[in-house]
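Below is one structure; the comments refer to it alone.
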Amino acid sequence: MILVIGGASQGKLEFVRSKWDIASANITDGGTCSFEEAFQRPVLDHLHLLIRRLQEASLDARKFIADGIEQHPGMILICDELSSAVVPVLKDDREMQETTGRVLCAAAQKAAKVYRVFCSVPVLIKGEEHD
């Protein structure tokens, strides 16, 4: 599994599309897909939005994502980095931010590679480029 993180609008999806030659048809949007579809394509974009939706549905987002990674170890996950943001005022938003951070920690541990994209510049922070 490959994890790609970075701030909003930093070029994460564009990086994934160009590096691995991924067509739009092979990308699932975590903000709009059904829960059953989340891990059915090679790339899952907007992981943080999927986490929000799972929490809104009173589902265990950490378990759902961990199970998805376990069942589909070859995926590429793309997620906005929320840890550097201002602490949200609303409790639900704080819980979503915390859950997203914990999900990313667990995913990074399992990932073969982790990239952080900032200003459209990808930096490999875990793994080897020749893997």
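- Closest heavy-atom contact between Gln55 and Thr99: NE2-OG1, 2.9 Å.
- When atom types are taken as modelled, the side chain of Gln10 and the backbone of Gly7 share no donor-acceptor pair closer than 3.5 angstrom.
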Show, in sequence, the C-alpha distance, side-chain angles and deciding distance for Glu56 and Met96, and conclude whether the side-chain contact (heavy atoms from CB on, under 4.5 Å) test is met.
CA-CA 9 Å; Glu56 288 171 350; Met96 183 267 202; over 6 Å; no
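- Note that the CZ atom of Arg62 and the CG atom of Leu59 stand 15.0 Å from one another [nearest 0.5 Å].
- Judged by distance alone, with hydrogens and angles left aside, the side-chain atoms of Arg53 form a donor-acceptor pair with the main-chain N or O of Cys33 at under 3.5 Å.
- For Phe35, the CZ atom sits in a packed shell: over 12 heavy atoms of surrounding residues, nucleotides or ligands are nearer than 6.0 Å.
- The CG atom of Leu50 lies 11.0 Å from the CD atom of Glu37; values are rounded to the nearest 0.5 Å.
- With respect to Arg52 and Asp92, no salt bridge is recorded, no charged nitrogen being found less than 4.0 Å from a carboxylate O.
- Leu3 and Leu49 fall into different hydrophobic clusters, where Ile, Leu, Val, Met, Phe, Trp and Tyr residues are linked whenever their side-chain heavy atoms come under 4.5 Å apart, directly or through other members.
- When every heavy atom of Ile69 is checked against every heavy atom of Ala107, the shortest pair comes out as CD1-CB, 3.9 Å.
- The hydrophobic cluster containing Leu13 does not contain Met75, counting ILVMFWY residues as joined when their side-chain heavy atoms lie under 4.5 angstrom apart, directly or transitively.
- Hydrophobic cluster membership is shared by Leu54 and Val103, with clusters built from Ile, Leu, Val, Met, Phe, Trp and Tyr side chains linked at under 4.5 angstrom.
- Checking side-chain atoms of Lys12 against main-chain N and O of Pro122 turns up no donor-acceptor pair under 3.5 Å.
- No continuous path of ILVMFWY side-chain contacts below 4.5 Å connects Leu104 to Tyr115, so the two sit in separate hydrophobic clusters.
- Ion pair Glu129/Lys19 flagged as a salt bridge, since at least one NZ, NE, NH1 or NH2 atom sits closer than 4.0 Å to an Asp/Glu carboxylate oxygen.
- Between Val16 and Val43, the shortest heavy-atom distance links the atoms CG1-CG2, 4.1 Å.
- Separating the NE2 atom in His48 from the OG1 atom in Thr100 is a distance of 7.5 Å, to the nearest 0.5 Å.
- Expressed to the nearest 0.5 Å, how far OG1 of Thr28 lies from CD1 of Ile76 amounts to 12.0 Å.
- In this structure, Phe64 and Phe39 have tilted ring planes: the angle between them lies in the 30° to 60° band.
- Summarising the geometry, atom CD belonging to Gln97 is positioned 12.0 Å from atom CG belonging to Leu90; distances are rounded to the nearest 0.5 Å.
- At least one donor-acceptor pair closer than 3.5 Å links the side chain of Lys126 to the backbone N or O of Ala111.
- Across Asn26 and Arg41, no two heavy atoms sit closer than the pair O-CB, 3.5 Å.
- Minimum interatomic distance between Gln40 and His72 (heavy atoms only, all atoms of both residues): NE2-NE2, 4.0 Å.
- A continuous path of Ile, Leu, Val, Met, Phe, Trp and Tyr side chains, each step under 4.5 Å between heavy atoms, connects Ile27 with Val4, placing both in one hydrophobic cluster.
- Heavy atoms only, all atoms of each residue included: Ala38 and Leu44 are closest at O-CD1, 3.6 Å.
- Atom CD of Glu70 sits in a sparse spot, with 12 or fewer heavy atoms from other residues, nucleotides or ligands closer than 6.0 Å.
- Note: Lys113 NZ to Glu128 CD = 9.0 Å, rounded to the nearest 0.5 Å.
- Using a cutoff of 4.0 Å between basic side-chain nitrogens and carboxylate oxygens, Glu98 and Arg94 are not scored as salt-bridged.
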